[in-house]
Amino acid sequence: MARQSHQLEFSKGRLLRPLKCKNKGNFQATKANMKAGRQAGTTENGFAGNVKKSELETNDKDTQAFLKQVGLVNVDGLDGWRDGILTIGTFGFDPLKPFTHQNEYFVLESEEDDQESHGFSHSGNDDDDDDDDDDDDDEHYDHSVEDEELNPLMFTTFEHSFEDIGSNFDAIVEKPADVILTVDGVPLTPFEGSSEISTKPDQSANDQNKNKKGQRITLADLFQADVPDVGQLKLDSGKVQPEMEKKMNARTRSGLAFAKKLIPRVKDDSSPIKNMQRLMRRMLKRKIHPAELEVKIHKSDGQKQPSAVELISNVENDAYESVSLLPIQEAAAGMASDSQVYHFDEVAKHNHKKDCWIIISGKVYDVTPFLEDHPGGDEVLLLAVEKDATDDFNDVGHSDSAKEQMEKFYVGKVDTSTIPEQPNYNLPAQTTPPSGQSSGFVVKLLQFLLPLLILGAAFALQYYGKKK
Ligand code: HEM
């Protein structure tokens with residue numbers, strides 16, 4: 001069996017996939033994998049059994065050092081990202097399957113094309129006997145999780161000319177190394193015991209790819225532009241050298257500044273993605289329960305308009321969101337507050353297709369723009385003019401949503417004392433057909449009397465016949 005070790009690829013502190021390189025058969029786990037390994041008793045996940053404790057501790061520190069370089073991540077308050085890594089790292093591996101190279105490629109589908117074109121997918125050292133497992137790989141990948149967490153980081157339309165240091169990665173893979181931490185394929189931190197890693201092949205590849213435009217870029221790519229060269233980051237016994245740490249801090253700061261320039265809303269916020277997700281959740285909620293908004297809109301009266309940054313960072317303030325997300329409802333609510341009182345005659349003038357007002361429950365609605373859209377048709381609305389249409393409206397049994405909808409057409413109130421009495425369409429009393437109760441009685445009476453009458457007539461005929 002071919003000896004192999006694995007290389008882990010990060011994107012903003014996340015494990016995207018393990019890559020493979022020639023060397024002894026141990027596997028250096030990410031922080032997440034290490035945690036998973038410890039928690040799961042180290043053998044359940046199928047690879048953690050190969051991880052030595054000392055190596056784990058070393059890598060843990062290295063991962064911390066790496067994350068400091070990434071810039072946006074506050075290493076001390078890393079909970080969110082740690083969860084993300086843990087999830088991917090734990091569920092990404094199927095313990096029942098051999099840890100062979102094909103099984104390990106649970107690369108994001110969206111990124112695969114890019115990376116293949118950079119020579120990432122197959123290092124050339126792989127065993128070919130696992131090709132059939134390609135389909136299975138998809139099962140390891142939870143698209144929903146990825147969509148939720150990664151997409152906000154993506155800048156698909158951003159045209160850039162950053163050096164694609166990750167190209168020609170095979171050259172690095174050929175070098176014996178236990179583990180190489182990478183940011184989207186860029187080796188960052190060589191680990192203890194690893195050989196010197198040359199960056200020259202990358203740089204030559206960069207030159208070739210420098211002119212490639214319009215490729216997908218992640219935040220990690222942006223920060224990476226400020227990350228020191230790999231050669232400079234060589235660590236001694238798993239510890240970051242003081243001067244290097246200083247340098248990295250400076251890099252971190254400049255990386256953050258760089259990100260701020262490109263992504264204005266980042267500002268001093270250490271968790272912009274979380275905020276973005278919260279905002280999106282709230283927007284969704286509002287879409288589903290728009291009725292709740294009205295109250296909140298009134299709360300916001302007299303407050304200043306929020307800036308875009310406030311919208312992101314001050315997501316607690318529902319009123320701000322309401323104002324910016326649903327201005328139409330706000331306008332409708334504003335209209336409803338100052339209402340005019342009309343005389344009935346005034347309302348009755350608006351009685352045709354191009355100007356149609358109706359009265360329902362003492363309120364006047366201009367339904368002209370709604371005539372064509374009314375599910376009950378425009379005719380019924382046109383028949384409801386010049387009168388109080390309250391009963392007509394209620395008889396239909398309009399839904400709550402119809403009642404909400406009608407507020408958009410509210411124009412004022414009507415002075416109910418000016419509304420003429422409804423014309424009486426009842427027929428005169430004498431022509432009124434007998435009620436069901438009385439007709440039933442007459443029928444029963446006839447049913448009882450008719451046989452008696454017939455019998456009486458028969459006896460009378462017989463009597464007069466005998467007499468003659
Ligand atoms: C601003 C006033 C009105 C609005 C916003 C409105 C809205 C609606 C809506 C949304 C529906 C679909 C069913 C539902 O959701 O309940 C509907 C159906 C209907 N509406 Fe109206 N309506 C208005 C006034 C009237 C009036 C004055 C009449 C007079 C009779 C009327 C007669 C009907 C009828 C007959 C239907 C069809 C019911 C069905 O097919 O089940 N509507 N209307």
Side-chain angles (χ1 to χ4, degrees), residues 280-302 318-429 431-433 435-436:
M280 287 168 78
R281 269 200 305 277
R282 282 167 178 274
M283 285 170 70
L284 202 64
K285 197 173 149 200
R286 252 137 215 79
K287 195 86 183 148
I288 297 165
H289 306 291
E292 289 174 16
L293 273 175
E294 215 167 302
V295 183
K296 288 166 184 169
I297 288 166
H298 287 305
K299 267 197 233 162
S300 75
D301 281 351
D318 293 340
Y320 279 168
E321 285 171 45
S322 308
V323 168
S324 64
L325 297 177
L326 291 169
I328 296 169
Q329 293 214 9
E330 183 193 29
M335 259 197 316
S337 59
D338 42 31
S339 58
Q340 191 175 340
V341 180
Y342 294 97
H343 191 281
F344 173 79
D345 293 343
E346 175 61 32
V347 178
K349 285 180 196 165
H350 307 269
N351 58 359
H352 51 92
K353 211 167 181 175
K354 293 196 172 163
D355 186 15
C356 180
W357 287 18
I358 55 174
I359 298 168
I360 298 168
S361 304
K363 293 179 178 176
V364 182
Y365 300 94
D366 177 0
V367 292
T368 318
F370 187 56
L371 285 175
E372 283 186 7
D373 299 329
H374 182 231
D378 57 350
E379 298 89 359
V380 284
L381 294 179
L382 288 167
L383 284 173
V385 296
E386 295 180 46
K387 66 173 187 175
D388 185 351
T390 308
D391 290 342
D392 297 348
F393 181 84
N394 290 336
D395 289 348
V396 171
H398 281 87
S399 64
D400 288 345
S401 96
K403 287 168 189 165
E404 273 174 29
Q405 218 177 332
M406 67 195 286
E407 292 309 316
K408 283 190 277 184
F409 310 113
Y410 176 84
V411 289
K413 290 177 181 167
V414 65
D415 181 354
T416 47
S417 66
T418 62
I419 300 176
E421 292 232 336
Q422 296 282 325
N424 189 357
Y425 296 114
N426 285 345
L427 294 169
T431 59
T432 307
S435 68

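Read the numbers this way: they start at 1 and go in the same order the structure lists the ligands and their atoms.
At the shortest separation from atom 26 (C) of ligand 1 among protein heavy atoms lies Leu381 CD2, 3.5 Å. Among all protein heavy atoms, the one lying closest to atom 37 (C) of ligand 1 is Gly376 CA, 3.6 Å. The single protein non-hydrogen atom nearest to atom 10 (C) of ligand 1 is Gln405 OE1, 3.3 Å, given as residue, atom name and distance. Scanning the protein for heavy atoms near atom 11 (C) of ligand 1, the closest one is Pro375 CG, 3.3 Å. For atom 4 (C) of ligand 1, the closest heavy atom belonging to the protein is Phe370 CE2, 3.5 Å.
In this pair, His398 and Phe393 present their aromatic rings parallel. The plane angle is below 30°, not in the 30 to 60° band.
Contact record, Thr368 with Lys354: CG2-O, 3.2 Å, taken as the closest heavy-atom pair.
Of the residues listed (Tyr365, Phe370, Trp357), the one engaging Phe409 in a ring pair (Phe, Tyr, Trp, His ring centres under 6.0 Å) is Phe370, and it is the only one.
Considering His374, Glu379, Lys363 only, the shortest heavy-atom separation from atom 33 (C) of ligand 1 involves His374. The option from Phe393, Tyr365, Tyr410 that lies nearest to atom 3 (C) of ligand 1, judged by heavy atoms, is Phe393.
Note that atom 31 (C) of ligand 1 has protein non-hydrogen atoms nearby, at separations under 4.0 angstrom. Distance check for atom 16 (O) of ligand 1: a protein heavy atom is found below 4.0 Å. Inside a 4.0 Å radius of atom 42 (N) of ligand 1 there is at least one protein heavy atom. Within a 4.0 Å radius of atom 13 (C) of ligand 1, the protein has no heavy atom.
No side-chain heavy atom of Tyr342 sits under 4.5 Å from any side-chain heavy atom of Ile359. Here the side chains of His350 and Val364 are not in contact, with every heavy-atom distance at 4.5 Å or above. Under the 4.5 Å side-chain criterion, counting only non-hydrogen atoms from C-beta, Val411 is not in contact with Gln340.
Checked by distance only, ligand 1 and Ser399 come closer than 3.5 Å through their nitrogen or oxygen atoms.
Under 4.0 angstrom from ligand 1, the non-hydrogen atoms of Val396 all belong to its side chain. Contact annotation: for Asp395 versus ligand 1, there are no heavy atoms closer than 4.0 Å.
Heavy atoms of other residues, nucleotides or ligands lying less than 6.0 angstrom from NZ of Lys403 number more than 12.
If you number the atoms of ligand 1 from 1 as listed, the ones under 4.0 Å from a heavy atom of Ala402 come out as 5 (C), 7 (C), 8 (C), 9 (C), 10 (C), 15 (O), 16 (O). Contact atoms of ligand 1 toward Ile358: 2 (C), 27 (C) (distance under 4.0 Å to a heavy atom of the residue).
We find the CG-CG distance between Asp378 and Asp373 to be 10.5 Å, quoted to the nearest 0.5 Å. Put simply, CD on Glu407 and NZ on Lys363 are 5.0 Å apart, with the number rounded to the nearest 0.5 Å. In this structure, the separation between NE2 on His352 and CG on Leu371 is 11.0 Å, given to the nearest 0.5 Å. With values rounded to the nearest 0.5 angstrom, His374 atom NE2 is found 10.5 Å from Cys356 atom SG.
His398 contributes NE2 as its N, O or S atom closest to atom 21 (Fe) of ligand 1.
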